[in-house]
Structure formats: C-alpha cells, structure tokens
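Right, one structure below, let's go through it.
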Protein chains: 2
Amino acid sequence: MEKTKIASLIERIGNLLRSEERASGADSGLQSVHVQILSYLYQCNRYSNTPAGVTEFIGSTKGTTSQSINILEKKGFIKKYIDDEDGRVIRLYLTEKGEDFIKKEFPPTDFCSALDTFSTKDSDYLSQLLTKLLVQLQLENKSKLFGVCHTCNHFKKFGLGDTHQCGLTLEPLSEKESFLICREHEQSTKKAV
Amino acid sequence: MEKTKIASLIERIGNLLRSEERASGADSGLQSVHVQILSYLYQCNRYSNTPAGVTEFIGSTKGTTSQSINILEKKGFIKKYIDDEDGRVIRLYLTEKGEDFIKKEFPPTDFCSALDTFSTKDSDYLSQLLTKLLVQLQLENKSKLFGVCHTCNHFKKFGLGDTHQCGLTLEPLSEKESFLICREHEQSTKKAV
DNA sequence: TTTATTAAGTATCGAGTCGAAACCATTATG
DNA sequence: CATAATGGTTTCGACTCGATACTTAATAAA
C-alpha cells in the first residue's frame, strides 16, 4: 500500500504545483506547461535545448510541444535559432524576459515556503530519493534518461583547473555546466542489455 | 537550487505517471484524471467521497469535476447516491468494475517496478517526506488538509477492541477506516491562527 | 548521383480538459 | 420567512493533447 500512497502523493503535489504555476503565469497569458518548458530550458545544457528535448522531458508529443513553443516565442519568452551543424535542429534560448520570469516565478512561492520548513538534510534526502525514483522510472519506461552531466557515464572529470569533458561529444564542460540537465545522460545503474 | 530541482523532479515524475495512466485507461476510454479520481475514491473515507472532496483533492474546479464524474458514471465505474441526511450532498461509490480497474491499474506497473528497487526504509522515508511536504503545501495554500484519520487531531484511539472514534463527527471508526484519506483532517503542526 | 530511410520539426483536426460564470436546489442563519 | 451559504450542474470559450500527415535536412544504401 505504500506504493499507492507515494503515487497519490506525487500526483497531488504535482497538481498543486501546476495550479500554482497556472496562477503565476496567468498575468502573462501562460499555461502551466509553458512554465514547465521555461524552467526546463533554464536548467538544461547546450545538448538539450531543442524541441525534441523539451518533448521528451515534458512527456508529451512533438506536435503539442511545437505549439507551446510557438506561443512562448510569440510572447517573447524564447528565441529560436537554427543549429550551425544540422539544418534540421532548432536551438531554443530564453530571452531576458523569459529568464527574468522563471527566476521570479519558479518554483512557486508556496512550494518554496513549504520546503523552507525542511532541514537541509531532509531536503537533500528528498531530492536524492526522487532522483533515484525518476532514474528507475525512466529505465522501466525506455524513455530518455535525463540527468546532470556530473553523474553521467560520459562525464570525464579533469583534475586540472575548471574544465571537464563530455566523453560522448568530446567537448569541454565548465564546472557550472556539468550540473545542468542533459538528454544524453547515462548512469551506471543502467540495466545490461 | 535544491528547491528548483525538487520541484522539477516532482513535475517530471508526475508527468510520467500521468502518461502511464493515460495509456492504462485508454482501453476503457478513460483519461488520466479519471484514473486519479477512481484512485482517490478507492482511498478516501466515508466523509470524503463527494464531488466536493474530489474537487479539493484533484485541485480543479467544481464544474470540471462534475463532468469527469458524469463520464465515470456513464461508463459504469462509479455510482451516485443522494446523502440520507443532507439532500444537497452526493455520495460516490466505486462499482465492482471501478474497484477492479483501480486495483489492477494503480499504481502503474512501471512505477511499481521502479519503487521495487527501493529498500523498505527508503520507501518509508520517501513517503514520510512527501507527506510532510504536502501538509506544508496545503497549509501555505489555505486548501483543505487531506490526511489519514490515524494522524488527525480529531482522532480518538480507544484501547479496547477494534473501534476508534472521530472527535468531529463522534462516529466510530474501524481500524481499517482510520487509515483512509479524510477531507476534515487536521494535524498538530497546524499554525496558530 | 540517385534513392530510400530516418530524424527534426510543423500543421491540422477532433476529443477532451479546464476555469469562469451563471444557475438550481437544499440547508443554515437571521 | 427572507437571506445567505453550501453542494452540484450546466454552459461556454480557450486551450491542451494525441494522432496523423506533411516538409525539410541528413544519412545510408544502391
């Protein structure tokens, strides 16, 4: 029965989060999905800021995401650029307006206040447990494994200076960058195929 | 930044949950909201099985809930009865079909498998942390405080036999019943007004 | 070089959710 | 008895969502 309880709790907290997002976005004419997309773009790294990345993360379909992205662009929260190396790929960037919005409105204030009552230890533990749950869920679900570079199999930590490296793309990663969300994330707990 | 991460995790896990629910309900023509409602009715106690209870729990509006409930009734998953004591109140009960469905489909299989990799200790801790988060959120949010009778201020535990009592309604509660979700839940952590 | 295939993204459509507001019936308050 | 207040329903428009078909670019095969 603990599973039922946990599932219900996550759904209910998620519902509360969404209704807060809806309220905070209402002034700007944004829906909760839009807030989610902005928050994703704010957190993801340069390999993952594409419509496909958003689609996988939100768990919706390409078509739906495309519409939401158009709305966000029309309202001036994001900008689209065609990728230099692949003409099919579109890169999404937050505008100043978008970044200001997400910094101010996410996470919602009530949610922050609620988490403020947690000790650092509890808050860290909650974050860890949820991360583990998500990783396992994504494994079951055959879906892409979102995660931060820092814990990725491809991640190579250099001892020298501030620069690490992604073993998949061989590109350098700054310390800050290695804590952003990446689409290509793979973790050692991955099941053998 | 831990807050941002936790909020995103809960949203993403919630999204995955919903898409699993959508898939599992598709055969019966149910949306994820309908699955949520059935799971709520399966877990709530006899004070809370009303459209208003569902509305508060799902965090949507009366009108929306009313529609969803009609669909569930039309498809034979629930039954409506007018309350004996208050002619305005409608009581919602799962039919056998509804109960079978929720027992079989909730929580979704992938979610269960993911939680199976957790130790009992971690799983319990996660449940506790989420419960605390929800209680705090509900306090901030001025919304109703859902919770199980067992941890409620109104709850009176009798030493004798199997019967407890709700101090608010003065009605007896069985042991089993005292672990169901109640709308009128109040907890000692409630802020002084 | 063509051709086929795959991948990234867009466009469109219908079903359904959602929130808001107006409304009805019953109970509570005065 | 009149006036709220409460629990539900209905209706409406905006929007999400998933499915399908489509466009374009990159890649693989011939």
Side-chain angles (χ1 to χ4, degrees), chain A residues 11 14-16 18-37 47-75 78 80-92 144 183-184, chain B residues 11 14-16 18-37 47-75 78 80-92 144 183-184:
Chain A
E11 284 196 327
N15 285 338
L16 288 174
R18 273 198 316 202
S19 73
E20 273 199 85
E21 284 166 3
R22 189 166 297 144
S24 78
D27 301 333
S28 322
L30 297 183
Q31 234 65 19
S32 68
V33 194
H34 302 140
V35 180
Q36 275 192 59
I37 292 177
Y47 305 137
S48 315
N49 60 345
T50 67
V54 174
T55 300
E56 289 159 10
F57 191 81
I58 301 291
S60 136
T61 55
K62 295 194 295 182
T64 304
T65 307
S66 180
Q67 296 175 61
S68 307
I69 286 175
N70 278 337
I71 293 177
L72 283 172
E73 191 197 16
K74 205 173 296 168
K75 290 185 187 288
I78 60 177
K80 294 183 184 177
Y81 298 100
I82 296 177
D83 188 79
D84 293 335
E85 295 169 6
D86 189 333
R88 297 170 305 180
V89 175
I90 288 186
R91 298 282 161 192
L92 304 169
K144 276 279 168 58
R183 287 176 65 185
E184 312 292 347
Chain B
E11 284 196 327
N15 285 339
L16 288 174
R18 273 196 316 197
S19 72
E20 272 200 85
E21 284 165 3
R22 188 166 299 143
S24 78
D27 301 334
S28 320
L30 297 183
Q31 234 67 15
S32 67
V33 193
H34 302 141
V35 181
Q36 274 192 61
I37 293 177
Y47 305 137
S48 314
N49 60 346
T50 66
V54 174
T55 299
E56 288 158 11
F57 190 81
I58 301 290
S60 135
T61 56
K62 295 194 295 183
T64 303
T65 306
S66 179
Q67 296 174 59
S68 306
I69 285 174
N70 278 336
I71 292 177
L72 283 171
E73 191 197 17
K74 205 173 297 168
K75 290 184 189 288
I78 61 176
K80 294 182 184 180
Y81 297 100
I82 296 176
D83 188 80
D84 294 334
E85 296 170 5
D86 189 334
R88 297 169 302 179
V89 174
I90 289 189
R91 298 282 162 193
L92 304 170
K144 274 281 166 58
R183 289 177 65 185
E184 311 292 347

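Every heavy atom of this structure was used, including side-chain atoms; hydrogens, water molecules and symmetry mates were not. Chain letters run A, B, ... following the sequence lines, proteins first and then strands; every chain starts at 1.
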### Query
Is any side-chain nitrogen or oxygen of B:Asn70 closer than 4.0 Å to OP1 or OP2 of D:dG8?
no

### Message
Does a side-chain N or O of B:Arg22 approach OP1 or OP2 of D:dC17 to a distance below 4.0 Å, or not?
### Response
no

### Task
In whole angstrom, give the distance that lies between atom OH of B:Tyr81 and atom P of D:dG8.
16 Å

### Query
Starting at the 5' end of DNA chain C and moving along, which residue's nearest nucleotide shows up first, B:Gly29 or A:Ile90?
A:Ile90

### Query
What's the CG-P distance between A:Asp86 and C:dT6, to the nearest Å?
17 Å

### Query
Would you call A:Thr65 and A:Ile58 a side-chain contact if the rule is heavy atoms closer than 4.5 Å?
no

### Sidechain-backbone polar pair: A:Thr55 side chain, A:Pro51 backbone, donor-acceptor under 3.5 Å
yes

### Message
Does B:Arg88 contact D:dT6 through a side-chain donor or acceptor facing the base, at a distance under 3.5 Å?
### Response
yes

### Value in whole Å for how far the C1' atom of C:dA15 lies from NZ of B:Lys75
12 Å

### Message
Taking any heavy-atom pair under 4.0 Å as a contact, classify B:Ile71: base, sugar-phosphate, or nothing.
### Response
sugar-phosphate

### Message
For a 4.5 angstrom cut-off between non-hydrogen side-chain atoms, does A:Leu92 reach A:Val54?
### Response
yes

### Query
Rounding to a whole Å, what distance do you find between B:Arg91:CZ and C:dT26:P?
17 Å

#### Entry: DNA chain C contacts among residues 59-68 of chain A, heavy-atom distance under 4.0 Å
A:Lys62, A:Gly63, A:Ser66, A:Gln67

### Task
Check the distance between D:dG7's C1' and B:Asp84's CG and give it to me in whole angstrom.
16 Å

### Query
Roughly, in whole Å, what's the span from CD1 in B:Ile69 to P in D:dG7?
14 Å

### Query
Nearest-Å distance, CD1 (A:Ile82) to C1' (C:dA7)?
16 Å

### Task
Before giving the answer on side chain to side chain contact (heavy atoms under 4.5 Å, CB included), spell out for A:Glu73 and A:Ile71 the whole-Å C-alpha distance, their side-chain angles and the decisive distance to 0.1 Å.
CA-CA 5 Å; A:Glu73 191 197 16; A:Ile71 293 177; over 6 Å; no

### Query
Short question: side chain of A:Ser66, backbone of A:Lys62 - any donor-acceptor pair under 3.5 Å?
no

### Task
For the residue pair A:Asn70 and A:Lys80, confirm or rule out a side-chain donor-acceptor distance under 3.5 Å.
yes

### Task
Would you mind reading off the distance between A:Gln36 atom CD and D:dC15 atom C1', rounded to a whole angstrom?
15 Å

### Task
Please state whether the phosphate of D:dC15, meaning OP1 or OP2, lies under 4.0 angstrom from any side-chain nitrogen or oxygen of A:His34.
no

### Message
How close do B:Lys75 and B:Ser28 get, counting heavy atoms only, and between which atoms?
### Response
CD-O, 3.6 Å

